[in-house]
There are 2 protein chains.
Amino acid sequence: MRMGLPESVHRDIRELHLFRDMVESHFADLMRGAYVQNFPPQIQLISEGETSDFLHIILSGSVDLFSTWNKRETSMATVRPISTFILAATIRDAPYLMSARTLTKSRIALIPSQDVRAVFDADNAFARAIVAELAQCYRSMVKAQKDLKLRTSLERLANFLLRQQIQSGGAATFELDFEKRHLAAVLGMTPENLSRAFKGLQPYGVEVDGMQITIADPKDLAGFAKPNPLIDDHST
Amino acid sequence: MRMGLPESVHRDIRELHLFRDMVESHFADLMRGAYVQNFPPQIQLISEGETSDFLHIILSGSVDLFSTWNKRETSMATVRPISTFILAATIRDAPYLMSARTLTKSRIALIPSQDVRAVFDADNAFARAIVAELAQCYRSMVKAQKDLKLRTSLERLANFLLRQQIQSGGAATFELDFEKRHLAAVLGMTPENLSRAFKGLQPYGVEVDGMQITIADPKDLAGFAKPNPLIDDHST
DNA sequence: GCAGAGATTTGATCTGGATCAAATATCGAG
DNA sequence: CTCGATATTTGATCCAGATCAAATCTCTGC
């Protein structure tokens with residue numbers, strides 16, 4: 001399985017903020033030990049509590065970060081291409097706080113954690129890029145926490161739909177890109193309740209047909225959802 | 001109010017992980033524009049949405065990081081000496097995601113954000129220390145999120161008490177170091193419910209007398225609380 | 001195309017925690 | 001030390017969301 005990365009993958013990774021500005025030879029150091037693997041859906045990639053062996057980069061597909069305690073399970077985030085995950089554990093050489101599993105067929109690049117830490121010590125541009133990335137991750141987590149603590153499940157769904165609509169181009173009708181069971185877990189509710197929550201948004205012009213969502217009047221829905229960039233804008 | 005920092009404060013700050021390894025002259029650059037201010041309790045220091053003017057370092061007292069949306073408010077974290085807060089916003093030059101207010105009389109050092117960013121660009125040891133700090137902050141937030149999503153309020157209180165007991169030396173009897181109203185906010189419940197939650201822990205040997213808590217048998221309480229380092233150990 | 005497994009929806013009920021109201025305790029200022 | 005303000009506790013009730021049960025629906029592999 002271990003082999004040199006295809007040149008195209010090499011280029012895709014190099015374009016990530018995290019690797020864009022680093023010295024070429026350092027980047028080559030990272031790529032030397034890296035490899036790419038394809039995974040079927042529903043494969044557990046990492047388990048919380050283990051120590052970090054590889055920095056993961058998702059090239060295609062989607063990955064669920066989740067966590068369990070006392071037989072309960074919750075979904076913490078969904079990772080999409082092209083981005084890294086579990087960077088903090090890799091850098092601190094600390095145990096994973098979350099587990100990861102593929103949601104769909106996924107292509108993932110793996111870079112040995114010790115290589116990442118070695119290059120981090122040697123390459124200042126890389127160290128700075130990691131700062132930017134971690135600050136971003138931190139802020140995303142703060143936003144998620146606010147979403148959860150300040151909003152009801154109906155409000156979380158409404159804001160999620162508004163974000164999703166923008167992300168998929170802004171058309172009135174768009175597709176959910178994962179199954180409702182998983183959406184429920186992400187929003188911190190049960191599938192049954194998600195189903196009812198969709199009904200609860202009908203008065204605000206939300207129509208559901210399978211995976212297809214139509215928001216008749218985003219203004220109307222936003223009046224209820226009260227989106228706020230300090231919670232919903234995941235880019236800053 | 002603006003003036004050179006007292007030498008003792010200078011030393012205290014220099015000892016923080018964040019500043020320990022940086023070049024002396026860069027540290028001096030940071031201290032040049034810095035100043036210290038004393039605040040009475042219940043003073044709002046920063047408001048979410050504003051852009052970051054200063055990196056804050058709490059020298060004594062305690063500060064509540066909180067957030068509001070749609071007339072609701074929640075407490076996100078409590079900051080204690082000696083540590084920094086709102087580092088991520090400062091580094092990214094992005095709006096604060098949380099507001100901050102003093103809980104008690106507090107002494108706080110302020111370093112202009114632009115100085116922090118300038119030194120960050122120039123000093124590699126500082127950049128690396130920021131990585132470690134941000135990774136830590138990120139992981140703390142993940143733990144808080146897990147605590148909230150995976151546990152009931154009774155379980156959160158039980159684990160909080162066990163952590164607090166260890167932190168205050170491990171004696172069976174110890175003091176809460178903030179008022180219950182605030183503890184309720186931190187644990188994500190109402191004061192009324194906190195009061196009932198304390199009652200609910202009586203069967204596990206928790207006795208409450210004002211601010212004084214006695215845990216008769218930590219083993220017994222832990223049997224209920226099921227503490228887990230991946231949630232409760234805030235040091236890794 | 002069809003069977004069967006899994007996903008989603010619907011209905012009924014239960015429960016943790018919030019809210020409202022009021023009593024009691026605590027603390028700081030004078 | 002006492003008053004008044006604020007914090008905490010207690011009781012009653014309410015509500016969001018979970019759980020349990022069962023009825024569809026929708027894929028996927030054959």
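A note on names: the letters A, B, ... follow the listed sequences, proteins ahead of strands, and every chain is numbered from 1.
A/Asp177 has a carboxylate O that lies under 4.0 Å from a charged side-chain N of A/Arg80, or vice versa, which qualifies the two as a salt bridge. Salt bridge status for B/Arg107 with B/Asp12: absent, with no side-chain N to carboxylate O gap under 4.0 Å. A salt bridge links B/Arg72 with A/Glu155: at least one charged nitrogen is closer than 4.0 Å to a carboxylate oxygen. With salt bridges taken as basic N to acidic carboxylate O contacts below 4.0 Å, none links A/Arg181 and A/Glu192.
Atom P of nucleotide D/dA16 and atom NZ of A/Lys149 are separated by 21 Å, given to the nearest angstrom. Here the C1' atom of nucleotide D/dA16 and the CG atom of A/Leu157 are 15 Å apart, to the nearest Å. The interatomic distance linking A/Leu176 (CG) with C/dA7 (C1') rounds to 14 Å, in whole Å. Rounded to whole Å, the distance from CD on B/Glu207 to P on D/dT9 is 13 Å. For the pair B/Glu155 CD and C/dT15 C1', the interatomic distance rounds to 14 Å; values are reported in whole Å. At whole-Å resolution of the value, CD in A/Glu179 and C1' in C/dG6 are 9 Å apart. Taking atom CZ of A/Arg72 as the reference point, atom C1' of C/dG16 lies 12 Å away to the nearest angstrom. A straight line from CZ of A/Arg181 to C1' of D/dT26 spans 14 Å, rounded to a whole angstrom.
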Output one letter per nucleotide in nucleotides 17-30 of chain C: B when a protein non-hydrogen atom lies under 4.0 Å from the base, S when only the sugar-phosphate is that close, - when neither is.
SSBB----------

Quick one: do B/Ser113 and B/Ser52 satisfy side chain to side chain donor-acceptor pair (under 3.5 Å)? Show the steps, please.
CA-CA 7 Å; B/Ser113 293; B/Ser52 169; 2.9 Å; yes

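The environment of B/His17 atom NE2 is sparse: at most 12 non-hydrogen atoms of other residues, nucleotides or ligands sit within 6.0 angstrom.
Taking only side-chain atoms of B/Lys180, from C-beta outward, the nucleotide of D/dA7, D/dT9, C/dT8 with the closest atom is D/dT9.
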